[in-house]
Protein chains: 2
Amino acid sequence: MKWQQQKSLETQQKLLSAALACLERDGFHNFRLDRVASEANVSKGALTHHFSNKDDLLAHAIEKVLAEFVGVLAHSVDEVHAGRLTLDGFLDLMWLHMSDQLYMVTLEIALKARHEPSFKTLLTPQVQNFHERIDAIWQQLFPRLPAERATHLMNLSMNLLRGMGTQSVFRKDAQYFNDLLNEWKAILKQQVAS
Amino acid sequence: MKWQQQKSLETQQKLLSAALACLERDGFHNFRLDRVASEANVSKGALTHHFSNKDDLLAHAIEKVLAEFVGVLAHSVDEVHAGRLTLDGFLDLMWLHMSDQLYMVTLEIALKARHEPSFKTLLTPQVQNFHERIDAIWQQLFPRLPAERATHLMNLSMNLLRGMGTQSVFRKDAQYFNDLLNEWKAILKQQVAS
DNA sequence: AAAAACAAACCGTCAAGTCGGTTTTATTTT
DNA sequence: AAAATAAAACCGACTTGACGGTTTGTTTTT
């Protein structure tokens, strides 16, 4: 690969990482392009060179986050099948990511999309693709279950974790969330068994 | 009550309603004080007279929303005990409100609070109080269950609905959410029975 | 030489908060 | 009861700072 291309990709990645860090730290409402640039140690001019505007930068950043999450889950389901990870462990992992910056970033973006049709249009295909891939992963997780049932359990789980992520803004209590998660694990196992 | 006092309260309520409508329509990121004022048919000066700043207005608006939701639930649990409302109906009602503007408003606020400590401090007591009251309501809903178990089921339900509310930004599919809710109702009944 | 990568100054817009002023209502004085 | 005074409600122009996007300029690669 040519040097220029290489360099270009590098700064793009630096910018995306910086954007995610800013989004996590400042929230979308206080997300500033110049802060992203300085966080990535490049100039604002460089940023505009690589991303045509704020929305463009955000869309690419969210793409990165979702892809990473899918990657982790895809890997984890293999670990489950290999017997190196339990179902509980799998859920712990999901919660880890959901309570993490990744989730908060997606939440910020969801709210933006809600009020800006153009941005929503930009993101909808990505989000759909994301859910399809998560769906496929859960089908793998419960190969014995009817596909539809696995989908339902996945959606219940995802939404529960989403809600917990939201609640964690106001309630900083790891024990509480752990209890809740355990409760859900038990229910889930019950549902899978029957 | 004196006319001034009366008038004052009226415009305050008009402003709070307008603020909520704006928050729902535009989102927090596009929430503008002058729009609130014009929506309430008062001048910007009047707004600043009654609320010292943006945060103050928002905090009072969220207080109103939470109080209304608690009021509805408190009333509904009475209806359940009187046999005029089923558990399914109760959950439908919760979902109705959660998928409604009320939830979106709280979500917007939660994200703001996440990144602004002072605002979070302002709201934390309100949110705690809110949860305590919801908790008490669910204790009434399942008087036979151990208190802690009722609390767990409430929190699972609330968080599930929260997550569903979030997902509904990107997925406009009433049937899907209805299915999901039915699945949860079945699980919940199973849990209460055992 | 041409194009890409990057830098930095610049500009237009926009909204939050301020502030001097006006009108309406309440209280006190005569 | 009328006049005087105080206080609250309300108005809207203005200031101020901020930020996204543009533009112009410089360096490096091909």
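Since the structure is predicted, the reported quantities are computational estimates derived from the model, not experimental observations. All chains are named by letter (A, B, ...) in the order of the sequence lines, taking the proteins before the strands, and each is independently numbered beginning at 1.
In this entry the distance linking CZ of A:Phe28 with C1' of D:dG20 reads 12 Å, nearest Å. Note: CD (A:Gln12) to P (C:dA4) measures 14 Å, nearest angstrom. Atom CD of A:Gln6 and atom P of C:dA5 are 13 Å apart (whole Å). Separating the NE2 atom of B:His29 from the P atom of C:dC14 is a distance of 14 Å, rounded to the nearest angstrom. If you take CD of A:Glu10 and P of D:dT29, they are 13 Å apart, rounded to a whole angstrom. Rounding to whole angstrom units, CG of residue A:Leu15 and P of C:dA7 are separated by 10 Å. Whole-Å rounding puts the A:Phe51 CZ to C:dC6 C1' distance at 14 Å. Distance, A:Leu47 CG to D:dG21 P: 10 Å, rounded to whole Å.
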Walk along nucleotides 15-20 of chain C from 5' to 3' and tag each nucleotide B, S or - by protein heavy-atom contact under 4.0 Å, base first, then sugar-phosphate. SBBB--
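Across A:His97, A:His131, A:His75, a single residue satisfies ring pair (Phe, Tyr, Trp, His ring centres under 6.0 Å) together with A:Phe69, and that is A:His97.
Note on B:His49: a side-chain N or O is less than 4.0 Å away from OP1 or OP2 of D:dA9. An OP1 or OP2 oxygen of C:dA5 is reached within less than 4.0 angstrom by a side-chain nitrogen or oxygen of A:Ser8. For C:dC6, one of the phosphate oxygens OP1 or OP2 lies less than 4.0 angstrom from a side-chain nitrogen or oxygen of A:Thr11. Contact check, B:His50 against D:dC10: a side-chain N or O comes under 4.0 Å of OP1 or OP2.
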Show your working on salt bridge (charged side-chain N to carboxylate O under 4.0 Å, His left out) between B:Glu116 and B:Lys112 and close with a plain yes or no. CA-CA 6 Å; B:Glu116 291 176 29; B:Lys112 179 176 164 64; 2.7 Å; yes
May I have the step-by-step check of side-chain contact (heavy atoms from CB on, under 4.5 Å) for B:Phe28 and B:Leu107, ending in yes or no? CA-CA 10 Å; B:Phe28 168 64; B:Leu107 194 53; over 6 Å; no
Check against side-chain contact (heavy atoms from CB on, under 4.5 Å), B:Leu111 and A:His29: CA-CA 9 Å; B:Leu111 280 187; A:His29 187 248; over 6 Å; no
Let me see the working for A:Glu24 and B:Arg114 under salt bridge (charged side-chain N to carboxylate O under 4.0 Å, His left out), right down to the final yes or no. CA-CA 10 Å; A:Glu24 150 71 7; B:Arg114 175 173 158 81; 2.7 Å; yes
B:Asp26 vs B:Arg32, test: side-chain contact (heavy atoms from CB on, under 4.5 Å). Steps then yes/no. CA-CA 9 Å; B:Asp26 305 331; B:Arg32 296 297 126 85; over 6 Å; no
With side-chain contact (heavy atoms from CB on, under 4.5 Å) as the criterion, how do A:Asn155 and A:Thr151 come out once you've worked through the C-alpha distance, each side chain's angles and the decisive distance to 0.1 Å? CA-CA 6 Å; A:Asn155 280 314; A:Thr151 301; 3.5 Å; yes
Tabulated below should be each protein N or O lying under 3.5 Å from an N or O of nucleotides 25-28 of chain C; please produce it.
from, atom 1, to, atom 2, distance (Å)
C:dA26, OP1, B:Trp3, N, 3.0
C:dA26, OP1, B:Gln4, N, 3.4

Just the table, please: protein N/O against nucleotides 15-17 of chain D N/O, every pair under 3.5 Å.
none

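Within the cation-pi definition used here (under 6.0 Å to the ring centroid, within 45° of the axis), A:Arg171 qualifies as a partner of A:Tyr176.
In this structure the side chain of A:Tyr103 never reaches within 4.5 angstrom of the side chain of A:Val65, judged on heavy atoms.
Taking a 6.0 Å sphere around CZ of A:Arg133, one finds it holds 12 or fewer heavy atoms contributed by other residues, nucleotides or ligands. Under a cut-off of 6.0 angstrom, the local environment of CD in B:Glu10 is crowded, with over 12 non-hydrogen atoms contributed by other residues, nucleotides or ligands.
Residues A:Val36 and A:Ala18 come closest through the heavy atom pair O-CB, 3.6 Å.
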